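Since this is a predicted model, take the numbers as computed values, not measurements. We use all heavy atoms of the structure for the numbers below, so side chains are in, but hydrogens, waters and symmetry mates are not. Here is the naming used below: chain letters follow the sequence lines, and residue numbers restart at 1 for every chain.
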Protein chains: 2
Amino acid sequence: MTPNGTEAGSGRTIRAVQISCDVLRALREMDGAGVTELADRLGLSKGTVHGHLNTLHRNEFVVKDGDDYRVSLQFVDFGEHAKENVKVYDVARKETEELAEKSGEFAQFMVEEHGWGVYLHKVNGANAVKTASYVGNRKHLHCTALGKAILSELPRERVDEIVEARGLPRQTENTITDREGLYDELERIRERGIAYDDEEVLQGLRCVAAPLTGYDGTLYGAISVSGPISRMKGERYREEVPEMVQSAANVIEINAAHL
Amino acid sequence: MTPNGTEAGSGRTIRAVQISCDVLRALREMDGAGVTELADRLGLSKGTVHGHLNTLHRNEFVVKDGDDYRVSLQFVDFGEHAKENVKVYDVARKETEELAEKSGEFAQFMVEEHGWGVYLHKVNGANAVKTASYVGNRKHLHCTALGKAILSELPRERVDEIVEARGLPRQTENTITDREGLYDELERIRERGIAYDDEEVLQGLRCVAAPLTGYDGTLYGAISVSGPISRMKGERYREEVPEMVQSAANVIEINAAHL
DNA sequence: CCGGGTCGTTCGCAACTCGCGAACGGAAGA
DNA sequence: TCTTCCGTTCGCGAGTTGCGAACGACCCGG
């Protein structure tokens with residue numbers, strides 16, 4: 001059994017529950033839908049879908065808006081609880097805000113879950129930069145500075161597991177898409193203690209990230225500063241910003257020690 | 001069939017899905033738990049609970065941390081989607097921030113769902129006041145200014161339905177706990193266009209709220225300003241703040257018109 | 001170093017659930 | 001008015017699922 005599940009398929013799974021999960025995922029992706037629409041998409045009978053929606057509705061996981069069903073706001077409540085369960089959440093959140101202020105740039109905080117990188121906080125500094133990601137968004141780990149910082153502190157077999165499960169899809173022309181290249185990059189990150197993203201996600205955007213690790217080696221996540229290439233260059237990109245990120249990371253790690 | 005489901009129980013429900021929902025709710029309340037713990041609490045066999053957790057884990061709705069299971073961060077993602085589905089979310093969010101800045105107090109935005117009041121945004125003004133509620137939190141509608149503002153714009157039969165389903169539990173000694181008293185209060189709110197909470201939630205805290213309605217009568221939610229009784233009194237409490245709230249509500253309503 | 005207790009996990013079996021498909025009723029459009 | 005589309009209901013039989021017992025790993029105390 002893997003330590004932190006990303007394994008493909010094992011043990012018994014309950015068909016009815018699987019169907020409800022499929023229904024929920026479809027509702028999320030479609031931004032709401034009717035019974036017939038869902039039944040067609042999922043290859044199920046209308047009666048079946050209706051039964052599932054009815055059960056989910058009683059449990060307040062979906063809302064009914066006329067004849068359309070949508071994912072309910074109870075997910076916000078559950079999500080908030082999930083965030084609170086992240087050990088360093090409160091400290092990291094506060095420190096991310098400070099990092100944004102100090103740098104004047106865009107600061108973010110990410111953790112790993114199920115082999116994905118999940119954004120948990122994002123703060124605009126004085127010079128706002130728009131990004132497509134939102135809090136709760138799940139992204140591949142290999143193609144952002146934050147994700148690579150996280151991967152760099154995971155044991156090799158876990159990295160393999162994640163690559164196996166999630167793949168290394170190309171994001172831009174700078175994306176690392178082969179396993180060897182990833183290993184090399186992670187090694188460089190471990191040496192520096194800092195991960196870079198040089199226009200790998202978005203043209204003209206650079207990002208500097210540091211992993212957050214406990215003294216016992218546990219990995220908490222990563223924090224970063226992103227900004228346009230016009231401001232992120234030279235000594236600022238190589239020294240100044242990395243030091244700010246590193247020192248914020250240290251503060252979080254120290255505060256995490258007595259939790 | 002009710003227009004916006006709060007009805008008790010009708011139609012077929014799927015037992016396996018019901019069990020998984022119970023498991024998720026229990027996990028949320030217990031902040032994570034093991035198989036045996038859950039089985040005892042829910043009156044199910046260990047094997048059954050394990051099967052459900054396994055299915056939920058495959059679908060990434062729970063995380064496994066050693067032998068404990070917890071609600072996953074995927075709920076954050078789903079929650080974000082649910083928020084985006086709220087029509088006035090973006091406008092209301094922005095206007096809530098502005099309201100906090102103008103008033104210097106604590107501003108909030110709430111919508112109704114499944115007979116609950118759900119906080120969707122909260123902003124601290126210059127003079128921060130701590131409150132227990134968080135974004136995504138679900139509260140009874142009858143015991144806050146925001147909730148009463150919402151109820152005041154709902155048709156009477158829907159109010160009855162909600163009272164039937166959720167009850168009128170006492171929060172403080174000022175809580176309205178009988179149906180007649182509630183009707184009277186809602187009538188006063190409709191006359192003024194403004195709902196007050198005079199230490200009904202927390203001693204020393206006052207709140208001023210306005211409902212958000214479309215021109216066709218649809219109800220979007222409510223926004224409010226809360227502050228300590230020391231600052232919320234006299235003309236400021238009766239005129240100044242209500243006008244600020246009202247005008248913010250108008251901006252939202254105007255922007256909502258062309259959506 | 002051993003043994004009792006705990007835990008998560010697996011598995012076979014029987015009961016009953018649940019997915020199907022057809023039929024119904026209402027709403028909207030031609 | 002007739003057609004079509006939708007959500008909803010319902011009976012039936014295949015097969016899913018919940019149970020309980022058994023297993024193996026782990027921890028702790030003796």
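For the pair A:Lys46 NZ and C:dG26 P, the interatomic distance rounds to 16 Å; values are reported in whole Å. B:Ile19 has its CD1 atom 13 Å from the C1' atom of C:dC16, to the nearest Å. Following rounding to the nearest Å, A:His50 (NE2) and C:dC18 (C1') show an atom-to-atom distance of 15 Å. When the C1' atom of D:dC19 is taken as reference, atom CG of B:Leu44 falls 10 Å away, rounded to whole Å. The nearest whole Å value for the distance from the CG atom in B:Leu53 to the P atom in D:dT17 is 15 Å. Between B:Asp67 atom CG and C:dG5 atom P the separation is 20 Å, expressed in whole Å. For B:Glu37 and C:dG8, the CD to P distance is 8 Å, given to the nearest whole Å. If you take CG of A:Asp65 and P of D:dG7, they are 13 Å apart, rounded to a whole angstrom.
Taking every side-chain heavy atom of B:Thr48 into account, D:dC19 is the closest of D:dC19, D:dG7, C:dT9. Of the candidates C:dA23, C:dC18, C:dG19, the closest approach to any side-chain atom of B:Arg15 belongs to C:dC18.
The closest side-chain heavy-atom distance from B:Ile150 to B:Met110 is below 4.5 Å.
OP1 or OP2 of D:dT8 lies within a sub-4.0 Å distance of a side-chain N or O belonging to A:Tyr69.
A donor-acceptor contact under 3.5 Å is formed by the side chain of A:Arg12 with the base of C:dG12.
Counting only distance, with no hydrogens or angles, the side chain of B:Gln108 and the backbone of B:Ser224 share no donor-acceptor pair below 3.5 Å.
When only modelled atom types and interatomic distance are considered, A:Asp160 and A:Tyr183 share a side-chain donor-acceptor pair under 3.5 Å.
Using a 4.0 Å heavy-atom distance criterion, B:Gly34 is classed as a sugar-phosphate-only contact. Among the protein residues, B:Thr36 comes within range of the sugar-phosphate backbone only, with heavy atoms under 4.0 Å from sugar or phosphate atoms but none that close to a base.
Between A:Val17 and A:Ala33, it is A:Ala33 whose nearest contact on DNA chain D lies nearer the 5' terminus. Nearer to the 5' terminus of DNA chain D, by closest-nucleotide assignment, is the contact made by A:Gly51 (compared with the other of A:Gly51 and A:Thr13).
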**OP:** Applying salt bridge (charged side-chain N to carboxylate O under 4.0 Å, His left out), run through B:Asp90 and B:Arg93 and close with a yes or a no.
**Re:** CA-CA 5 Å; B:Asp90 286 323; B:Arg93 190 184 155 99; 5.8 Å; no

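Exactly one of A:Trp116, A:Tyr119, A:Tyr134 qualifies for a side chain to side chain donor-acceptor pair (under 3.5 Å) with B:Asp77. That residue is A:Tyr134.
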